2 protein chains.
Amino acid sequence: MAHVQKTTRNGQAPLTKDMILRAAVTIVDEQGLQALTIRKVADALGVYPTAINWHIGSKDQLVADASGLIFEALRLPDDKAHEWQDWLRLTAASFRESMHKHPNFAVVVGTQLYTSLPALPFVERVLRILNDNGLKGDGLLRAYNSYVGCLIGWVSLELSSTSSVAFDEKAQMHVLSNLDERLYTAVAKNLPTVANKAFIIRWDNGTTNPMNDSFEFMMDSVINGIARSMKSFKS
Amino acid sequence: MAHVQKTTRNGQAPLTKDMILRAAVTIVDEQGLQALTIRKVADALGVYPTAINWHIGSKDQLVADASGLIFEALRLPDDKAHEWQDWLRLTAASFRESMHKHPNFAVVVGTQLYTSLPALPFVERVLRILNDNGLKGDGLLRAYNSYVGCLIGWVSLELSSTSSVAFDEKAQMHVLSNLDERLYTAVAKNLPTVANKAFIIRWDNGTTNPMNDSFEFMMDSVINGIARSMKSFKS
DNA sequence: ACCTGAACACCGTTCAAGT
DNA sequence: ACCTGAACACCGTTCAAGT
């Protein structure tokens with residue numbers, strides 16, 4: 001019962017789900033998430049739009065499956081080779097690196113946070129290392145949600161980009177420089193240190209303006225919080 | 001030069017930006033973000049779609065302006081009345097509460113994180129209280145980005161919902177219960193404590209399934225991290 | 001099983017025209 | 001200034017038809 005390769009599509013190799021998803025990722029990487037349409041994917045592969053529907057199902061499923069590839073590309077460090085704190089730090093850095101390679105998927109990875117099979121190894125490994133270090137029950141749940149939520153949520157924000165409504169740098173700085181100094185004392189006073197570097201008052205996103213320092217500080221805080229909860233658990 | 005009220009639209013009061021945004025918020029709250037279209041807003045107000053374009057500009061701008069209303073509704077506690085830790089905790093709770101009232105905007109508030117005027121008071125107050133407690137320069141930036149990024153990113157994840165691709169509970173549990181136990185030991189072992197409660201392995205979002213405990217734990221960790229950085233700053 | 005092809009309802013935005 | 005009205009290019013999805 002060997003599977004004989006069919007040759008539809010005028011003798012070309014038949015479409016596969018993998019071909020479709022790779023084409024989708026390319027479009028998102030090059031043109032942004034809003035440019036991802038079934039029709040464009042079909043064009044890129046030289047087929048009719050409805051052929052995509054046959055393989056994938058719907059547009060929503062296409063987005064979900066394509067963003068799953070990012071979790072699949074994720075390489076996790078070895079448990080045995082590191083202290084749990086370092087393992088969490090390395091894993092966070094690895095996840096952030098993967099996201100930075102496909103920044104236009106950032107919004108979706110946050111949204112698509114439901115039992116996706118490609119993400120399960122990540123879930124398992126994080127749960128396991130916390131579990132192996134004494135956490136269980138509600139303490140485990142808190143630690144896991146704290147780590148995963150901050151990691152994915154924070155990086156997703158770092159890379160978020162406003163489709164097209166964003167002002168340019170000059171307009172942005174003009175607004176910030178002309179604020180009422182009596183109302184916005186702290187913003188005015190610290191403008192050089194926060195302008196285009198702090199959330200909500202920047203115009204370049206994490207692709208061109210990565211926030212490495214803040215990310216490391218944030219992760220240290222979260223991991224320290226987990227460490228403290230482990231101690232109180234043992235006593 | 002008093003502004004005489006015009007009566008276009010067959011004698012009805014003229015459209016205002018505020019009417020349009022309120023109609024938009026209603027649609028998003030009731031039908032989800034993907035249901036927000038210029039044409040539906042126009043229908044709700046009894047005008048032609050292009051009338052919306054005249055007042056707002058574009059679809060992207062409509063989404064941006066409508067999500068700005070959430071920041072405007074935000075009530076911030078008094079600086080003088082609380083220790084800075086409590087102020088940050090109360091503000092976080094207040095922000096989270098606002099988001100939970102409009103969960104369908106969660107994705108966008110994360111995305112729209114660029115100098116938006118409605119969010120500036122929030123920015124100012126957070127910067128100010130950190131500044132008043134000794135933080136400046138890079139230390140201030142780290143603390144601010146850590147707090148704001150975790151707050152908005154985390155809550156945004158808590159409320160995120162997969163448009164329609166999501167499985168139902170039965171299908172979800174079936175997948176989780178039949179995992180290879182040799183590969184997914186930690187998931188299998190802790191299934192009762194994490195199923196539908198932990199990120200990535202839940203099927204209800206924060207609206208029906210709020211993650212209060214994890215949120216408080218996460219916020220405490222972040223605030224403790226900031227406190228530690230203040231001490232090392234002084235010494 | 002896999003893909004074509006036509007058709008449908010919907011979308012954002014343009015531009016000219018009205019008042 | 002404010003809105004109508006028609007028009008255009010684009011979209012996801014259906015369903016029947018081909019091979």
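Note that this is a predicted model, so its numbers are computed, not measured. Chain identifiers are assigned alphabetically (A, B, ...) following the order of the sequence lines, protein sequences preceding nucleic acid strands; residue numbering begins at 1 within each chain.
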Give the rounded distance in Å between these two atoms: [atom1] of [X] and [atom2] of [N].
| X | N | atom1 | atom2 | answer |
| --- | --- | --- | --- | --- |
| A:M19 | C:dC3 | CE | C1' | 13 Å |
| A:L15 | C:dC3 | CG | C1' | 8 Å |
| B:H55 | D:dT4 | NE2 | C1' | 13 Å |
| B:I20 | D:dC2 | CD1 | P | 11 Å |
| A:K17 | C:dA1 | NZ | C1' | 16 Å |

Next item on the list: Measure across B:S58 and B:I38 and return the closest heavy-atom pair with its distance rounded to 0.1 Å.
Entry: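 Closest approach of B:S58 to B:I38, heavy atoms only: C-CD1, 4.4 Å.
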Check: Does a side-chain heavy-atom distance below 4.5 Å link B:H100 with B:T207?
Finding: no
Check: Are any of the side-chain heavy atoms of A:L159 and A:V107 separated by less than 4.5 Å?
Finding: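 Result no, sub-4.5 Å side-chain heavy-atom pair not found.
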Notebook entry, point to check: Ignoring hydrogens and geometry, is there a side-chain-to-backbone donor-acceptor pair from B:N145 to A:F199 under 3.5 Å?
Noted result: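 Judged by distance alone, yes, a pair lies under 3.5 Å.
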Notebook entry, point to check: Can you tell me how far CG of A:L33 sits from NE2 of A:H102, rounded to the nearest 0.5 angstrom?
Noted result: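 Here the interatomic distance stands at 13.5 Å.
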Note to self: Using a 4.0 Å heavy-atom cut-off to protein, can you give one letter per nucleotide of nucleotides 6-16 of chain C, 5' to 3': B if the base is in contact, S if only the sugar-phosphate is, - if neither?
What the structure shows: B----BBBBB-
Notebook entry, point to check: Does one side chain, of B:T26 or B:Q31, offer a donor that lies under 3.5 Å from an acceptor on the other?
Noted result: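 Their side chains do not contain a donor-acceptor pair, so the 3.5 Å distance test is not met.
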Next item on the list: Carefully, step by step, assess B:R96 and B:E158 under the rule salt bridge (charged side-chain N to carboxylate O under 4.0 Å, His left out).
Entry: CA-CA 10 Å; B:R96 181 162 173 256; B:E158 182 193 12; 2.8 Å; yes
Margin query: Could you check, using the six-membered ring where one of them is a Trp, whether A:Y48 and A:W54 have ring centers closer than 6.0 angstrom?
Written below: no
Check: Mind pulling the stems DNA chain C is in, i.e. runs of at least three Watson-Crick or G-U pairs, everything under 3.5 Å?
Finding: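 Counting only runs of 3 or more consecutive pairs, the stems involving DNA chain C are C:4-8 with D:12-16, C:12-16 with D:4-8.
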